[in-house]
There are 2 protein chains.
Amino acid sequence: MDDRGEDRLAAVLRPVRSGNTFEEAVQRILQLVRLGLVPDGGRLPAERELAERLQVSRVTLREALRVLQDQGLLETRRGRYGGTFVRYRPGALVGTGTQAGGEELRRRAELMGDRLEDTLLFREVLEVGAAELCAAHRPAGAAARRLRECLAATGSAQLGEYRRMDTRLHLAVAELCGSPSVAAQYAAVRASVNELLDCIPLLPPNLLHSEEQHTALVAALLDGDRERARTVMREHVAGTAALLRGFLS
Amino acid sequence: MDDRGEDRLAAVLRPVRSGNTFEEAVQRILQLVRLGLVPDGGRLPAERELAERLQVSRVTLREALRVLQDQGLLETRRGRYGGTFVRYRPGALVGTGTQAGGEELRRRAELMGDRLEDTLLFREVLEVGAAELCAAHRPAGAAARRLRECLAATGSAQLGEYRRMDTRLHLAVAELCGSPSVAAQYAAVRASVNELLDCIPLLPPNLLHSEEQHTALVAALLDGDRERARTVMREHVAGTAALLRGFLS
DNA sequence: ATCCAATGGTACAAGGCCATACCTTTGGAC
DNA sequence: GTCCAAAGGTATGGCCTTGTACCATTGGAT
């Protein structure tokens, strides 16, 4: 051994399970909601399909759904054309000054503790890396269409739908970079970030700036300009990180 | 829903478990070995400590150790100052042309299938991102010492120890970037890469080139030069990826 | 020579998770 | 109005995992 004190094995010797199977299932369903992949009022895949895809027994999956029902986040209807429906309106941005949102934000940030900094750094690595890789692939055809469609959707989104559309665009970049692992990790990390972002109001000046960056990003991606894609994404990410840190101090 | 055919939920709706608990424990122990964090002849932490850190029952952990013992990768001795010891000599580089190694490499690459490309891309994102973040932190004090020490160790390593020291340097960068998640993901992905690299011979010209890049990398990191750190790391990673792809075609 | 602490080895009962099968509800198709 | 397919709701038996306690072995300390 050549360790002296500091633990060089920490990166490997960490828990193999982050909780019960059903707790992890809860987290995954929460990701679907926080990422807006299933919008308010939308229907989740059927229990049998969800269980199959998460590789969890239906019994366990139902335990997870039960928790989220009890929190009022999901509603179920029986019978054909029934299913599990999302009831989720972030809407912390209406009728609140920066006070109320700030309270909740601090509460949630407190809960994340040390993982907050980790999350923001990890996000930067994934997102900037994905942008560069995506540009390197020079998206064309269906990929290019998807990027353009996502960009247009952010531009014409209602205020209440902006975060959802923003998430959709970023997730598209992560998926188009060619590495499923990057996409999966980004989905998880972005769900955490959204949990915080949902607490702070969306101000028009920020939104405009964000849209300029989105436009520049997609242009760089379609041009296959790696350096520019990376630079634009880095600034964009730094912007939201600064926004969060600002509200937290 | 606005999905049309393609599955936008795939990044979230993936298995919550990649296998049995004991299989995942096996993978973690294998990581320790493949990363060279516990060298040949070295002793693993005691069963009780391993179980604690992996958050796995000792029974399950012992199942995992048993598998690796049966493969001859681990040996156990009872009694005080006993323990579980690593018996692992990559050494595919002695007495083989590129033939034998190429066989085994292709076999292992086949086994990884689609995950190979994913692994190489994910590695690039993590490694390049970690380098940039690490430089942004301008490592000083203990961090700077650790980088210099790791660099010196690669420079003076025996041929049989070079890959281990190389891994140690890269892992140090990932850890010093400030995000435990990045370090953890990198450890996993690098263990996979090492499984392949162990099949191909280490040629002096490649080694020299690699060492030049290591030196430049550490210099950039200590200078706090983000762009340079990123560029050097990108070329370095592209080098080993090209090496692998070359042996595979 | 004895003791002891650290390590691997073993046994058992409780709880978690799963596969499977079946029941109940619902609304459209006919 | 009847039927049926698709969805949620329920029950059972078995394997996996855990927590806990205890046994066996070893080599240094005394």
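Order of the sequence lines fixes the chain letters, A, B, ..., with proteins taken first and strands second; residue numbering starts at 1 for each chain.
Summarising the geometry, the separation between CZ on A/Arg48 and P on C/dC18 is reported as 16 Å, rounded to the nearest angstrom. To the nearest angstrom, P of C/dC18 lies 11 Å from CG of B/Asn20. One can place CZ of A/Phe22 at 19 Å from P of D/dT17, the figure rounded to the nearest angstrom. One can place CZ of B/Arg62 at 18 Å from P of D/dC16, the figure rounded to the nearest angstrom. Atom P of nucleotide C/dG16 and atom CD of A/Glu24 are separated by 16 Å, given to the nearest angstrom. Atom-to-atom, CD of A/Glu63 to P of C/dG15 comes out at 15 Å; the value is rounded to the nearest Å. The interatomic distance linking B/Glu47 (CD) with C/dA5 (P) rounds to 20 Å, in whole Å. In this structure, B/Leu65 places its CG atom 9 Å from P of C/dG9, rounding to the nearest Å.
Distances shown here put every side-chain N or O of B/Thr76 at or beyond 4.0 Å from the OP1 or OP2 atom of C/dG8. Contact annotation: B/Thr60 side-chain N/O to D/dT17 OP1/OP2 distance is not under 4.0 Å.
Looking at A/Arg123 and A/Thr240, their side chains do bring a donor and an acceptor atom within 3.5 Å of each other.
For A/Val56, the listed nucleotide lying nearest its side chain is C/dC18; candidates were C/dC18, C/dT7, D/dG19. Of the candidate nucleotides C/dA19, D/dA7, D/dT18, C/dA19 has the atom nearest to the side chain of A/Ser57. Candidate nucleotides D/dG8, C/dG28, C/dT7 were compared by shortest atom distance to the side chain of B/Ala46, and C/dT7 ranks first. Residue A/Val59 has its side chain nearest to D/dA11 when only D/dG19, C/dT7, D/dA11 are considered.
Around the CZ atom of B/Arg77, the shell of radius 6.0 Å holds no more than 12 heavy atoms that belong to other residues, nucleotides or ligands. Residue B/Asp70 qualifies as enclosed at atom CG: its count of foreign heavy atoms under 6.0 Å is above 12.
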Verdict with supporting geometry, B/Arg168 and B/Glu149, salt bridge (charged side-chain N to carboxylate O under 4.0 Å, His left out) = CA-CA 10 Å; B/Arg168 214 162 73 99; B/Glu149 193 268 314; 3.0 Å; yes

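The existence of a salt bridge linking A/Arg48 and A/Glu52 is excluded, since no basic side-chain nitrogen approaches an acidic carboxylate oxygen closer than 4.0 Å.
Heavy-atom nearest nucleotides on DNA chain D were determined for A/Arg17 and for A/Thr84, and the one closer to the 5' end corresponds to A/Thr84.
B/Arg80 contributes no side-chain N or O that forms a donor-acceptor pair with the base of C/dG8 under 3.5 Å. A donor-acceptor contact under 3.5 Å links the side chain of B/Arg58 to the base of C/dG9. Donor-acceptor pairing under 3.5 Å, judged by distance alone, is absent between the side chain of A/Arg78 and the base of D/dA7.
Looking at heavy-atom distances under 4.0 Å, B/Arg77 makes contact with sugar-phosphate atoms alone, never a base.
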